[in-house]
Amino acid sequence: MKLAALALLVSACVRPPAPVFGERPPTGCERAVEPRCASWYAERILAESWRPEVRDPALVHYMALVADRLVRAGGLGPAPLVHVLDDNDAQAEAWVSGTIYVYRGALERLRSEAEIAALIGHELGHLAAHHEDVPPTSHRARLDDEIEADAIAVHLVAAAGYAPGAVETMLRAISAGNPVACADAPAADHPCTGERVARARALAVGLPTGELGIERYRAATADLVVGDDPQRAATVGGALVFARAGLALAPGGGTVAAADGHGIVVQGETIATVAVVSRAFGLLLRSHPPAGQAFIVGDHAALWIMVISGADHPAHAAALARAVRRPRAGELAGLHTTRFDPAAPRALWPRS
């Protein structure tokens with residue numbers, strides 16, 4: 001839920017145009033900006049910048065089926081859109097617009113369909129209780145929102161025919177790397193892990209046993225990438241290789257300020273400069289802001305280039321063009337992706 005504030009910022013400061021990035025806004029959002037509309041616009045902006053998604057239609061469809069099963073069981077109305085973000089963080093978040101984002105790092109820690117239902121159910125709990133429509137008035141209220149979402153998740157999971165104890169194991173798996181100590185909870189974004197686990201366990205007592213759906217989860221996550229994917233970005237022989245994007249940065253590119261698995265930051269360039277590279281490699285120019293602001297080009301699911309606009313110097317364009325080339329066969333040969341192993345042991349809080 002950490003990005004919900006951006007939606008409120010858009011709501012307060014911006015009257016967005018339509019359409020945005022080729023998509024029409026939701027009904028009722030053409031002229032007025034309410035939280036639901038602001039969230040939709042904020043998502044479009046983030047999706048075009050630093051939030052790459054996992055390109056696995058079968059996995060995304062599977063997640064949608066789980067969400068739909070929960071929604072139908074709880075009588076919650078239309079099923080939310082579910083996106084899988086290509087990010088190692090073990091978390092998920094819901095937006096006012098009704099979209100749920102599940103991070104790839106969270107999927108790595110889970111072991112059954114019931115546990116992914118528990119994770120999605122928690123986010124559905126936030127949406128069902130309208131936690132994002134009205135910001136909490138206090139830190140205590142924000143913690144109460146998390147506890148309420150956990151409780152809703154238990155009942156949704158059980159109503160959908162899943163094992164309600166999966167909420168407890170989901171919380172223990174997600175919290176294993178970074179649990180919230182009860183002594184730290186008053187200043188944290190979430191309640192202490194021990195309290196959440198105990199409440200989830202108590203709520204599951206007496207509810208129908210339900211199913212785990214382990215084999216379905218294993219089949220759906222068979223192609224899931226674990227950890228940093230060298231196919232996205234890797235340093236090979238002094239060159240930074242973006243295998244998925246079909247690009248490489250050779251040494252000597254003085255205009256490149258920084259680069260990582262998500263893209264390249266270039267200083268002192270203009271839209272005309274980057275358009276040269278875009279045309280050369282078949283990339284799509286995404287946005288055209290005023291000079292002096294950052295903008296994004298490229299395929300956000302494979303590579304983006306952020307440019308801090310400056311004076312239009314033809315020499316910069318030439319330097320950037322010299323720095324970028326196609327990857328060589330030898331550079332691609334050793335870039336092996338690690339796939340998810342659902343049978344591998346995992347950490348559960350507390351460690352035994």
Side-chain angles (χ1 to χ4, degrees), residues 1-2 63 66-67 69-70 73-74 82 84-85 87-94 100-129 131 136 139-140 142-214 217 221 340 342 344-352:
M1 308 301 291
K2 64 181 181 180
M63 303 284 283
V66 174
R69 179 171 167 176
L70 292 168
V82 181
V84 181
L85 296 184
D87 192 296
N88 287 334
D89 283 353
Q91 65 168 333
E93 60 193 35
I100 292 176
Y101 293 95
V102 176
Y103 287 58
R104 174 168 56 83
L107 297 180
E108 298 173 18
R109 299 195 181 192
L110 306 182
R111 293 294 185 271
S112 69
E113 186 174 304
E115 288 183 351
I116 191 58
L119 184 64
I120 294 175
H122 174 88
E123 300 307 325
L124 281 172
H126 283 301
L127 295 175
H131 291 159
H139 182 267
R140 181 66 252 177
R142 183 164 66 249
L143 300 186
D144 289 343
D145 285 353
E146 295 299 327
I147 291 173
E148 183 179 18
D150 287 343
I152 294 174
V154 173
H155 290 289
L156 283 177
V157 165
Y162 293 114
V167 177
E168 176 194 342
T169 54
M170 177 275 292
L171 290 172
R172 293 176 62 197
I174 296 297
S175 301
N178 188 29
V180 177
C182 291
D184 298 332
D189 290 335
H190 286 71
C192 78
T193 301
E195 178 184 358
R196 296 182 69 186
V197 168
R199 286 175 178 269
R201 181 186 301 125
L203 287 171
V205 173
L207 293 177
T209 303
E211 66 167 339
L212 290 174
I214 294 175
Y217 188 73
T221 55
F340 177 49
R346 63 170 173 176
L348 287 175
W349 181 93
R351 295 181 183 276
S352 56

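In this chain, numbering begins with 1 at the start of the sequence shown. Basis for what follows: all heavy atoms, side chains included, without hydrogens, waters or symmetry-related copies.
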- Between E123 and Y101, does a side-chain hydrogen bond (donor to acceptor under 3.5 Å, both in side chains) hold up when you go through it step by step? CA-CA 9 Å; E123 300 307 325; Y101 293 95; over 6 Å; no

For a quick test of reading the model, state the closest non-hydrogen atom pair linking [X] to [Y] and the distance between them.
X: L70; Y: A160; result: CD2-CB, 3.9 Å
X: G74; Y: L156; result: CA-CD2, 3.6 Å
X: A129; Y: I152; result: CB-CD1, 4.2 Å
X: A158; Y: P164; result: CB-CB, 4.1 Å
X: Y162; Y: E113; result: OH-OE2, 2.5 Å
X: A118; Y: A166; result: CB-O, 3.8 Å

Reported [atom1]-to-[atom2] distance for the pair [X] and [Y], which is rounded to 0.5 angstrom:
X: T193; Y: W349; atom1: OG1; atom2: CH2; answer: 6.0 Å
X: S175; Y: R196; atom1: OG; atom2: CZ; answer: 6.0 Å
X: I147; Y: E195; atom1: CD1; atom2: CD; answer: 4.0 Å
X: L171; Y: H122; atom1: CG; atom2: NE2; answer: 8.0 Å
X: Q91; Y: Y103; atom1: CD; atom2: OH; answer: 4.5 Å
X: T169; Y: R201; atom1: OG1; atom2: CZ; answer: 10.5 Å

Note, [X] side chain near [Y] side chain (heavy atom, < 4.5 Å):
X: I100; Y: E93; answer: no
X: M63; Y: L107; answer: yes
X: H126; Y: E148; answer: no
X: I174; Y: L110; answer: yes
X: I116; Y: T221; answer: no

- Message: Can you tell me which residue among R109, R172, R346 is in a salt bridge (charged side-chain N to carboxylate O under 4.0 Å, His left out) with E115?
- Response: R346

- Short side-chain to backbone donor-acceptor contact, R104 and V84, under 3.5 Å: no

- For the pair V157 and L207, evaluate side chain to side chain contact (heavy atoms under 4.5 Å, CB included) and give the outcome as yes or no after the intermediate values. CA-CA 10 Å; V157 165; L207 293 177; over 6 Å; no

- Item | side chain to side chain contact (heavy atoms under 4.5 Å, CB included) partner of P191, the single match among V180, L143, D150, D145 | L143

